[in-house]
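Only a predicted model underlies this, so the values are computations on that prediction, with no experimental measurement involved. Note on naming: letters A, B, ... go to the chains in the order of the sequence lines (proteins, then strands), and numbering restarts at 1 for each one.
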There are 2 protein chains.
Amino acid sequence: MKREKISELTTNRLSVYLRCLNDLAAAGIKTVSSQGLAEQFNLNSAQIRKDLGYFGEFGVRGVGYFIDDLRANLTKILGLDKPHRVGIVGAGRLGTALANYNGLSKSNFAVVALFDNDHEKVGHHVGPDRIPVYDVKKIAKVVRDEGIDVCVIAVPARVAQRVLNQVMAADVKAVLNFAPAALTARLGVKVKTVDLTTSLQSLSYFLARPQAGRLTNARRGVVRVDEIATSDRRDA
Amino acid sequence: MKREKISELTTNRLSVYLRCLNDLAAAGIKTVSSQGLAEQFNLNSAQIRKDLGYFGEFGVRGVGYFIDDLRANLTKILGLDKPHRVGIVGAGRLGTALANYNGLSKSNFAVVALFDNDHEKVGHHVGPDRIPVYDVKKIAKVVRDEGIDVCVIAVPARVAQRVLNQVMAADVKAVLNFAPAALTARLGVKVKTVDLTTSLQSLSYFLARPQAGRLTNARRGVVRVDEIATSDRRDA
DNA sequence: CTCTGTGAAGTCATTCACAGCG
DNA sequence: CGCTGTGAATGACTTCACAGAG
């Protein structure tokens, strides 16, 4: 076990490993080798061992990893053993779609509030879970009352930085941003941006040059699918 | 102008530069230096010059870049001078939210079809643009008839690989995948995955260890916000 | 004198390769 | 003997630093 700084590429992969382990466990499988895991993602097995090695020695030589054990360890490492409470700023289409996305609840994230500045929306409840929509001005209070620790920004780019500032003022330390804007956060606040426009435009580049992308990640006739996570580097 | 292979990190940044140039143009500004652009993203100016340098010499020494000129060049490089037609597979919440997302039309992407296997949905039309929902079995025909060149996968992880196979069989070469699954594509097909669960779990890691993420990208007291694109690397 | 374009250096990430445990 | 854990080697991306154009 070392004490190095862990890159986001690694944490993204840990999340993917965990998902895979959950599937394997559901299939009744008890152990898996780094090689076996690696094949699921067209990844190098040393990569997996290195990623895990930052946090401890979870494997058994000659055998591999006990799935239940590794699963528990990864869950703990990723901080998923405690539930997270999510607030979504922007009750438009994207915001409400995310509020009802089932994928989140599976991994201990519960959406407990939406925020909007449209008075038509404030006071209403959204989706089968009846998530309340609050006035965006009440962020600080609702964050405190509801114990929100993660916010999602789903507002137009124009106002995204202002919203981020409000969210930071409410002392939220983790933000997932869907606005196509370069945001600046203060130290200690982690912002991850998911930029659909950029993703599509990047695809467009490869469409325009079919030869591009051939060489990278090609292996055994398949192409490794991107971003074993969200891709990204440098936060990129 | 060289002839090297361009990484996805670079194409992601090009998209971000283009967006910024559009904003600057709208503000009536005529020229910008790499330094000026870099400050918008907390990026190194050499990075920007290098990214552009892969494609030509667009700058003027002593001056910087003419915004209109660079904008036209980037648009061409990214293949955004020709319109793209998008089909979305999965007419659930996420799929319909994306179908109505205005951000796409802005950059020459038009959503022209949704696909679903739920017969309740097939035949209906979605949103203010009345986008038709087709039976997923008809993908190949609709792709041909409508000239679709990009598909979005917004279905449960369980069926994502099957859907990708159908999409590839319809000869679509660019796919944006929202399903939390490691997909395998054949050579010549580019898949970019946006994985919300992984993004959130990665945030959870940093919440669990506030000291993590401190060192990276810190500069002048601010933290560069991640993934100037979709973050990532290795398509990642 | 300013700012680009670009080799060279530096930094960070992935893969190799193997010692050594079970 | 198989498979982990890990230093060493390689490769990729970023930043430095400066020659030279305007």
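Here C:dT4 presents its P atom at 15 Å from CG of B:N73, a figure rounded to the nearest Å. In this structure, A:F58 places its CZ atom 15 Å from C1' of D:dT6, rounding to the nearest Å. Nucleotide D:dT6 holds its P atom 15 Å from the CD atom of A:Q47, rounded to whole Å. Atoms CG (A:L37) and P (D:dG5) sit 12 Å apart, rounded to a whole Å. Remark: P of D:dT4 and CD1 of A:I67 are 12 Å apart, rounded to the nearest angstrom. Atom CG of A:D51 is separated from atom P of D:dT4 by 14 Å (rounded to the nearest Å). Taking atom CD1 of A:I6 as the reference point, atom P of C:dC12 lies 14 Å away to the nearest angstrom. We find that NZ of A:K5 is positioned 11 Å from P of C:dT11, with the value rounded to whole Å.
Checked by atom type and distance alone, the side chain of B:T75 never pairs as donor or acceptor with a backbone atom of B:D81 at under 3.5 Å. Checked by atom type and distance alone, the side chain of A:S7 pairs as donor or acceptor with a backbone atom of A:L9 at under 3.5 Å. No side-chain donor-acceptor contact under 3.5 Å links B:R49 to the backbone of B:S34.
Mapping B:Q35 and A:A46 onto DNA chain C by nearest heavy atom places B:Q35 closer to the 5' end of the strand.
When distances run from any side-chain atom of B:K50 to the nucleotides C:dA13, D:dT15, D:dT4, the shortest one goes to D:dT15. Comparing D:dC13, D:dC16, C:dT15 by their nearest atom to the side chain of B:L9 picks out D:dC13.
Here B:R13 pairs with B:D51 in a salt bridge; the nearest charged N to carboxylate O distance falls below 4.0 Å. Taking the charged nitrogens against the carboxylate oxygens, A:K82 and A:D149 have no contact shorter than 4.0 Å, which rules out a salt bridge.
B:S34 comes within 4.0 angstrom of sugar-phosphate atoms only, judged by non-hydrogen atoms across all strands, and of no base. Within 4.0 Å (heavy atoms only), B:T10 reaches no atom of the nucleic acid at all.
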Sort me out a list of protein N/O and nucleotides 20-22 of chain D N/O pairs below 3.5 Å, or just none if empty.
unit_1 : atom_1 : unit_2 : atom_2 : d
D:dG20 : N2     : B:R61  : NH1    : 3.4

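A close approach under 4.0 Å does not occur between any side-chain nitrogen or oxygen of B:R49 and OP1 or OP2 of D:dT15. When the side-chain nitrogen and oxygen atoms of B:Y54 are compared with OP1 and OP2 of D:dC13, none of them lie within a distance under 4.0 Å. The phosphate of D:dG5 has OP1 or OP2 within less than 4.0 Å of a side-chain N or O from A:Y65.
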Which pairs would a plain distance check flag for residues 63-72 of chain A, meaning a side-chain donor or acceptor within less than 3.5 Å of a matching protein atom at least two apart in sequence or in another chain?
unit_1 : atom_1 : unit_2 : atom_2 : d
A:D69  : OD1    : A:N73  : ND2    : 3.4
A:R71  : NH1    : A:N22  : OD1    : 2.7

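Contacts of B:T11 classified as side-chain contact (heavy atoms from CB on, under 4.5 Å), with partners at least two apart in sequence or in another chain: A:S202, A:Y205, A:F206, B:I6, B:E8.
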